[in-house]
Amino acid sequence: QVQLVESGGGLVQAGGSLRLSCAASGRTFSSYAMGWFRQAPGKEREFVATINWNGSTDYASSVKGRFTISRDNANKAAYLQMNSLKPEDTAVYYCTAVSATSHEYIGTMIFDPRTYDYWGQGTQVTVSS
C-alpha cells in the first residue's frame with residue numbers, strides 16, 4: 001500500500017512558478033512509477049507528467065518544456081516543478097503511483113488515469129492572468 005500527500009499548491013500570477021511535492025509512505029517507493037494528473041472544473045482528469053522507477057519521464061504536450069517531474073527515492077518523494085505558468089494550468093493537481101509489477105504501465109496507457117492505483121487528495125493550483 002502507498003499513501004500519497006500533495007503540497008505546494010497556491011495562487012500565482014501568469015508567468016510565475018510553483019513546485020508541487022508528493023510525500024509517499026511505503027517501503028518500496030523506488031519500485032513505483034509516479035505521475036501527476038490535473039483536473040479543472042467541468043473537465044476530465046488529464047495527464048500531466050510521469051516518471052518511472054528508473055527515472056525515465058514523459059510529459060503532456062501542453063506542459064513540455066515548462067514542467068519538470070522528478071523523484072527522490074531516499075526521501076520517498078516526487079516533485080513537479082512548474083514554470084511559466086498559464087491561466088489554463090489552473091486545476092487541482094493529483095499525485096499518483098503504480099507498482100512496477102503492473103502490466104498496465106506501458107505504451108500510451110501511462111497517460112491513462114485508470115493505470116494508476118494510488119492517488120493523493122489533490123492540491124489546488126490557481127494561475128491568475
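As a basis for the values below, the full set of heavy atoms in this structure was taken, side chains included, without hydrogen atoms, waters or symmetry mates.
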Look at the aromatic rings of Phe37 and Tyr116 and report parallel, tilted or perpendicular, splitting at 30° and 60°.
-> perpendicular
Do Asn52 and Ile110 touch side chain to side chain, with heavy atoms closer than 4.5 Å?
-> no
Can you check whether Arg66 reaches Asp89 side chain to side chain, under 4.5 Å on heavy atoms?
-> yes
Are Cys95 and Trp36 close enough that some pair of their side-chain heavy atoms sits under 4.5 Å apart?
-> yes
Are the side chains of Gln13 and Leu85 in touch, meaning some heavy atoms are under 4.5 Å apart?
-> no
Give a yes or no on whether Gln3 atom CD has more than 12 heavy-atom contacts from other residues, nucleotides or ligands under 6.0 Å away.
-> no
Validation row: Phe67, Leu80 side chains within 4.5 angstrom (heavy atoms) = yes
Rounded to the nearest 0.5 angstrom, the OG1-CG distance for Thr68 and Asn83 is 6.5 Å
Partners passing side-chain contact (heavy atoms from CB on, under 4.5 Å) against Gln121 (at least two apart in sequence or in another chain) | Val5, Glu6
Decide yes or no for Phe111 and Asp58: does some side-chain heavy atom of the first lie under 4.5 Å from some side-chain heavy atom of the second?
-> yes
Given side chains that start at C-beta, do those of Trp53 and Ser31 come closer than 4.5 Å, heavy atoms only?
-> no
Non-hydrogen side-chain atoms of Val63 and Arg38 separated by less than 4.5 Å = yes
Taking the inter-plane angle between the rings of Trp119 and Tyr94 on a 0 to 90° scale, is it parallel (under 30°), tilted (30 to 60°) or perpendicular (over 60°)?
-> perpendicular
